[in-house]
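Side-chain atoms are counted along with the backbone in the values below, which use heavy atoms only and exclude waters and symmetry mates.
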Amino acid sequence: MCHDDASRAPGVPDPVAVASHGDLVLTAADGNRFAAFAAQPVAATPTGVVILPDIRGLHDFYGDLTVRFAEAGMAAVAIDYFGRTAGIGDRSAAFEFRPHVEQTTPEGVAADVAAGVAHLRSADGGAVTSVFTVGFCFGGSFSWRQSAENPGLAGAIGFYGRPERALAVAGRMTAPLLLLIGGADPGIPVSAVEEFRDAVPVETTLVVYDGAPHSFFDRGFAEHVEACSDAWRQIRAFISRYS
């Protein structure tokens, strides 16, 4: 797993007021009903983000992160991966996620992301006009894949994703990518991410945080405060550039 039950999303610099946040249920085009968590800032915004969690699905870190994105001035919705096999329920550390991860498919994830995009474009979701994906670990790779699998996205952002999981669809990518990587992540060599960056046919920004481990984007890592703050700056700059 990536972030655990004690993890909390780093605060966003210069936060704005949040109008609402809470749980909801979305329905994908194939009829799958799945859990989500949404938040909106007080001021209307043209920009929204679909958040793709780590391998454990929609647990508390991602509800917290959704509110942080609203504080950054964006409408946001985080999705769960396991509606098809586990229904709507608890995703805490007690959840046996591995059997459900093995049953996820790229097509299912893309359909659920599309439902998140549709929610953000609806009046209830904020009626945004520019949508980005943001993912972490398992979700980082799947976020990059949405550049190919969900046409119409403004961009796809991924933290510590495995590039090999997205390389298969690189030739069909259309939306720009932002790759945020820990330089001390033993499972994801920087060289592999650089090769991925050079292989994709879209504008790609790679940011490597020297000395930062996997899952560094966490309020609990006092030694990585600057990396977390810079990651927020990179996200805001990327979204501003491509909105």
In terms of heavy-atom contacts, does [atom1] of [X] have more than 12 from other residues, nucleotides or ligands at under 6.0 Å?
X: Glu96; atom1: CD; answer: no
X: Asp198; atom1: CG; answer: yes
X: Glu203; atom1: CD; answer: no

One pair to check against ring pair (Phe, Tyr, Trp, His ring centres under 6.0 Å): Phe95 and Phe82. What are the steps and the verdict? CA-CA 11 Å; Phe95 175 59; Phe82 309 124; 5.7 Å; yes
Whether Phe61 and His59 hold their rings parallel, tilted or perpendicular, with breakpoints at 30° and 60°: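 The arrangement is tilted - the two ring planes meet at 30° to 60°.
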Could you tell me how the ring of Phe159 sits relative to the ring of Phe217: parallel (under 30°), tilted (30 to 60°) or perpendicular (over 60°)?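 Tilted.
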Taking atom CG of Asp30 and atom CG of Asp112, what is their separation to the nearest 0.5 Å?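 It comes to 7.0 Å.
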Aromatic ring proximity Phe216/Tyr160, centre distance under 6.0 Å: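 For Phe216 and Tyr160, the ring centres are under 6.0 Å apart.
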Looking only at the aromatic ring of each residue, does the gap between the centers of Phe138 and Tyr81 stay below 6.0 angstrom?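 Yes, they do, as the ring centres are separated by less than 6.0 Å.
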Compare all side-chain heavy atoms of [X] with those of [Y] and state whether any distance is below 4.5 angstrom.
X: Ile239; Y: Leu178; value: no
X: Arg91; Y: Pro53; value: no
X: Phe69; Y: Pro41; value: no

